[in-house]
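My questions will all concern the structure given below.
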Amino acid sequence: MALRIYDTARRDVVDFVPLVEGRAGIYVCGLTVQSEPHVGHIRSGVNFDVLRRWLAASGYDVTFIRNTTDIDDKILTKAAEQGRPWFNLAYDMHRELTKAYAALNVAPPTYEPAATGHVPEMIEMIALLIERGHAYPAADGSGDVYFDVRSLADYGSLTHQKIDDMEAAADADPRGKRDPRDFALWKGRKESEPETASWPSPWGRGRPGWHIECSAMAGKYLGEAFDIHGGGVDLRFPHHENEQAQSRAAGHGFATYWMHNAWITTAGEKMSKSLGNSLVVPSVLERVRPIELRFYMVAAHYRSNVEFSFEALDEAAVGFQRIEGFLERAGMPDASTELRAAFVDAMDDDLGTPSAVAAIYDAVRDGNKLLGDGDTTGAADVASDVRAMLDVLGLDPLDPAWGTSSSGDNDKLTLAVDALVAGLLEQRNAARAAKDFAAADAIRDRIKAAGIVLEDTPTGTKWSL
RNA sequence: GGUGGGUUGGCCGAGAGGCGAGGCAACGGACUGCAAAUCCGUGUACACCGGUUCAAAUCCGGUACCCACCUCCA
């Protein structure tokens, strides 16, 4: 079975057929860098990182573009509130986002274009749209340029909506629009906005509308037609609908497949509404390791809502530790080159990561049985399979990306504890040899009180936190 | 008003006509001096009401509740 993916436009799971055999071009809408990323934001990054890894593992040569929106209303508003330049806010938040992606082993894209770096490309495209009769400068002299939604028969095809059924935005500024549903390609500069947030254009100084950046940048880096366009569900409309409209109106084929990841919710609602500060990535990572957070996200299907809870997160962490425990006991062999059929089938079926994880657990159980039977060679083979599967999900514990980056402090601490525990273990083993189990257990209890758990194994006693 | 999604055992979370995904927790057993880890076993879950079918969590009709989007959003 080859890869099948759910396409939003067709509302069905369909075969993935690339435009060019053996290659896949993907454009994912990244974030508007206006606040610290929370776990919901980062889910999108993780989900599409898994897509990218799976395509690569399936032999595709993948070009992966993920943009950054670094100029928009929110950035200007927030920066003004905070009394800092908008470009400083955007830059800071972009660095936070990059850190969060790196922490979760989300590979850097092939390229990460930013909106502000592509104003000429956008202006070029807007001019083309005007020329082709799909856009017009506002009649009120505001300097705005709008896309004419009624000029495109296809408008609404991505989200299956009819123009007349759509509510006109209640807060939309009707100035100079032919139809209230027309959307801005270019926003004329307002007196209240900083000069630095404007660029020269044929329609006067201003800044780009939200959607045009993606059309321009996808076209530049992936070509007029490419394979997959991704993003969060909320982007289906208006953002993706409008991107598609602009690009098609410009004569581009644009994306063949549209993929949308669902939310991580809190209290049943989308995260941005509950603005839980505790859910920004660095703060969640005080509770679990990054690899465990990633496992938590990957263990759910990308199109399913995940109701975030720390309890579920802790459970996921414990579950992942069982997998790691097996790998350690099996001696962490190199990853195998072949993937198990159950895993491949699961991934080919619209990235069925939950079933893929189940396949990993099946292998772990098999491997643990082999270890119990003393078959270390067999167990090592299974462990190789497990590492290969984990790697596809970006969850290989030995991936240097998880780095022991936090300097030598941790290592030094480990050595110190090891030395201290070693002394106690000697005493305990002496007591055990003398069958003085009361004394032996007393020592174990003391160690346990310090948060260290002992395991007696055939090769000696091990400790872990 | 339009569009899309959801409701699964103590909990998390898959599946999409028949055979109980998987994980966490719990209980019993094996192993262990006792533990830990590991393995084995234990569950008749699919919001509600009808219908189709030999067979429905899955298909159809309806009801309830929840969420998302409608030109700001992962």
Side-chain angles (χ1 to χ4, degrees), chain A residues 8 11 28-32 34 37-45 47-48 69 72-74 77 146-147 149 156 159-172 177 180-184 209-211 230-239 241-242 260-265 268-273 296 299-301 303-307 309 311-320 322-323 325-326 329 342 346 349 352-362 364-365 367-369 371-373 432 435-438 440-441 444-445 448 453-457 461-462 464:
Chain A
T8 302
R11 292 189 278 204
V28 173
C29 285
L31 296 185
T32 299
Q34 44 106 5
H38 58 234
V39 291
H41 290 129
I42 222 70
R43 180 188 191 184
S44 174
N47 285 159
F48 288 106
T69 300
D72 88 322
D73 293 354
K74 259 190 186 168
T77 308
Y146 296 113
F147 185 89
V149 296
T159 52
H160 310 98
Q161 300 184 86
K162 294 182 184 128
I163 293 175
D164 292 321
D165 288 340
M166 294 176 197
E167 271 178 11
D171 61 340
K177 284 189 182 179
R181 281 146 291 219
D182 288 352
F183 58 90
W210 176 30
H211 319 296
V233 275
D234 59 322
L235 296 180
R236 282 177 309 192
F237 192 89
H239 190 230
E241 189 73 71
N242 290 351
H260 295 278
N261 66 277
W263 301 108
I264 294 183
T265 56
E269 287 190 329
K270 82 187 269 191
M271 210 162 258
S272 54
K273 285 193 175 166
Y296 174 64
H301 188 84
R303 282 193 288 121
S304 293
N305 270 5
V306 169
E307 172 69 16
S309 77
E311 292 72 24
L313 183 63
D314 291 343
E315 270 186 16
V318 170
F320 189 72
R322 185 150 83 84
I323 298 172
F326 163 65
R329 269 174 270 123
D349 185 11
T353 53
S355 301
V357 167
I360 291 174
Y361 275 111
D362 286 342
V364 167
R365 192 180 318 102
N368 275 325
K369 260 186 262 188
L371 280 177
D373 295 343
R432 289 176 71 205
K435 303 232 187 269
D436 182 357
F437 296 119
D441 290 350
R444 184 168 62 196
D445 289 346
K448 190 179 176 185
V453 179
L454 296 186
E455 279 179 48
D456 296 325
T457 74
T461 303
K462 289 180 180 165
S464 59

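In what follows, chains carry the letters A, B, and so on, assigned in the order in which the sequence lines appear, proteins first and then strands, with residues in each chain numbered from 1. Only a predicted model underlies this, so the values are computations on that prediction, with no experimental measurement involved.
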Ring centroids of A:Phe437 and B:G33 base under 5.5 Å with planes under 30°: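 Aromatic stack with B:G33 present for A:Phe437.
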A:Arg365 vs B:G23: side-chain N/O to OP1/OP2 distance below 4.0 Å: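 Checking B:G23 against A:Arg365, a side-chain N or O does come within under 4.0 Å of OP1 or OP2.
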Any N/O donor-acceptor pair, A:Asp456 side-chain to B:U32 base, under 3.5 Å: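 Counting by modelled atom types and ignoring angles, no donor-acceptor contact under 3.5 Å is found here.
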Sugar-phosphate, base or nothing in reach of A:His301, heavy atoms under 4.0 Å: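 It contacts sugar-phosphate atoms only.
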Partner nucleotide, any strand, of B:A64 [Watson-Crick/G-U, under 3.5 Å]: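 Here B:A64 is engaged in a pair, and the nucleotide opposite it is B:U7.
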Touch class at under 4.0 angstrom, heavy-atom based, for A:Leu371 against every strand present: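 The residue A:Leu371 makes no contact with any strand.
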Any A:Lys177 side-chain N or O less than 4.0 Å from OP1/OP2 of B:U71: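 For B:U71, neither OP1 nor OP2 has a side-chain N or O of A:Lys177 closer than 4.0 Å.
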Phosphate-side-chain proximity, A:Ser355 and B:G15, N/O vs OP1/OP2 below 4.0 Å: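 Looking at the OP1 and OP2 atoms of B:G15, neither is under 4.0 Å from any side-chain N or O of A:Ser355.
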Proximal nucleotide (of B:G13, B:C39, B:G22) relative to the A:Val306 side chain: B:G13
Touch class at under 4.0 angstrom, heavy-atom based, for A:Lys74 against every strand present: base
Below 4.0 Å: OP1/OP2 of B:C69 and any side-chain N or O of A:Lys270: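 A:Lys270 to B:C69 OP1/OP2: side-chain N or O found under 4.0 Å.
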Close side-chain approach of A:Arg432 to A:Asp456, heavy-atom, < 4.5 Å: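 A side-chain contact under 4.5 Å exists here.
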Nucleotide forming a Watson-Crick or wobble pair with B:C69, both distances under 3.5 Å: B:G2
Spacing of CZ belonging to A:Arg303 relative to CG belonging to A:Asn47, to within rounding of 0.5 Å: 11.5 Å
Salt-bridge contact A:Asp362-A:Arg365 (side-chain N to carboxylate O under 4.0 Å): yes
Sugar-phosphate, base or nothing in reach of A:His160, heavy atoms under 4.0 Å: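 Sugar-phosphate contact only.
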Check: B:G5 base within 3.5 Å donor-acceptor of A:Arg303 side chain: no
Aromatic plane relationship, A:His211 with A:His239 - under 30° parallel, 30 to 60° tilted, over 60° perpendicular: tilted
Interatomic distance where CE belongs to A:Met271 and C1' belongs to B:C69 [whole Å]: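 Result: 18 Å.
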Base B:G33 to side chain A:Asp441, donor-acceptor N/O within 3.5 Å cut-off: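 Under the 3.5 Å cut-off, the side chain and the base do form a donor-acceptor pair.
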Distance test, side-chain N/O of A:Arg236 to OP1/OP2 of B:A74, below 4.0 Å: no
C1'-based separation of B:U38 from B:C31 [nearest Å]: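 These two C1' atoms come out 9 Å apart once rounded.
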C1' gap between B:G50 and B:G13, integer Å: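 Straight-line distance between the two C1' atoms is 30 Å.
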Donor-acceptor pair, side chain of A:Arg43 and main chain of A:Gly40, under 3.5 angstrom: no
Distance below 4.0 Å between A:Ser309 side-chain N/O and B:C11 OP1 or OP2: no
Sugar-phosphate, base or nothing in reach of A:Thr8, heavy atoms under 4.0 Å: nothing
Whole-angstrom distance between B:A47 and B:C67, as gauged at atom C1':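 Comparing C1' positions in B:A47 and B:C67 gives a spacing of 15 Å.
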C1' spacing across the pair B:A30 / B:A35, given as an integer number of angstrom: 15 Å
B:A26 pairs with, by Watson-Crick or G-U criteria that keep both distances under 3.5 Å: B:U42
Gap in Å between the two C1' atoms, one belonging to B:G10 and one to B:U42, rounded: 15 Å
Side chain proximity check, A:Gln34 to A:Thr77, heavy atoms < 4.5 angstrom: no
Sugar-phosphate only, base, or nothing, as touched by A:Leu31 at under 4.0 Å among non-hydrogen atoms: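 If one applies the 4.0 Å heavy-atom cut-off, A:Leu31 turns out to touch the sugar-phosphate alone, with no base involved.
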Note, A:Val364 side chain near A:Asn368 side chain (heavy atom, < 4.5 Å):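 Yes. Closest side-chain heavy atoms under 4.5 Å.
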Whole angstrom value for the distance that separates P of B:U8 from CG of A:Asn305: 13 Å
Base B:C34 paired with A:Arg444 side chain (donor-acceptor, <3.5 Å): yes
Nearest-angstrom distance, C1' atom, B:U63 to B:A25: 35 Å
P gap between B:U7 and B:A16, integer Å: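 Roughly 13 Å separates the two P atoms.
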Touch class at under 4.0 angstrom, heavy-atom based, for A:Glu307 against every strand present: sugar-phosphate
Sugar-phosphate, base or nothing in reach of A:Asn242, heavy atoms under 4.0 Å: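 Base, at least one base atom sits under 4.0 Å.
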Pairwise C1' distance for B:G18 and B:A26, with rounding to whole Å: 31 Å
Sugar-phosphate, base or nothing in reach of A:Gly325, heavy atoms under 4.0 Å: nothing
Residue matched to B:A56 through Watson-Crick or wobble contacts both under 3.5 angstrom: none
Touch class at under 4.0 angstrom, heavy-atom based, for A:Gly40 against every strand present: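 Touches a base.
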Sugar-phosphate only, base, or nothing, as touched by A:Arg329 at under 4.0 Å among non-hydrogen atoms: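 If one applies the 4.0 Å heavy-atom cut-off, A:Arg329 turns out to touch the sugar-phosphate alone, with no base involved.
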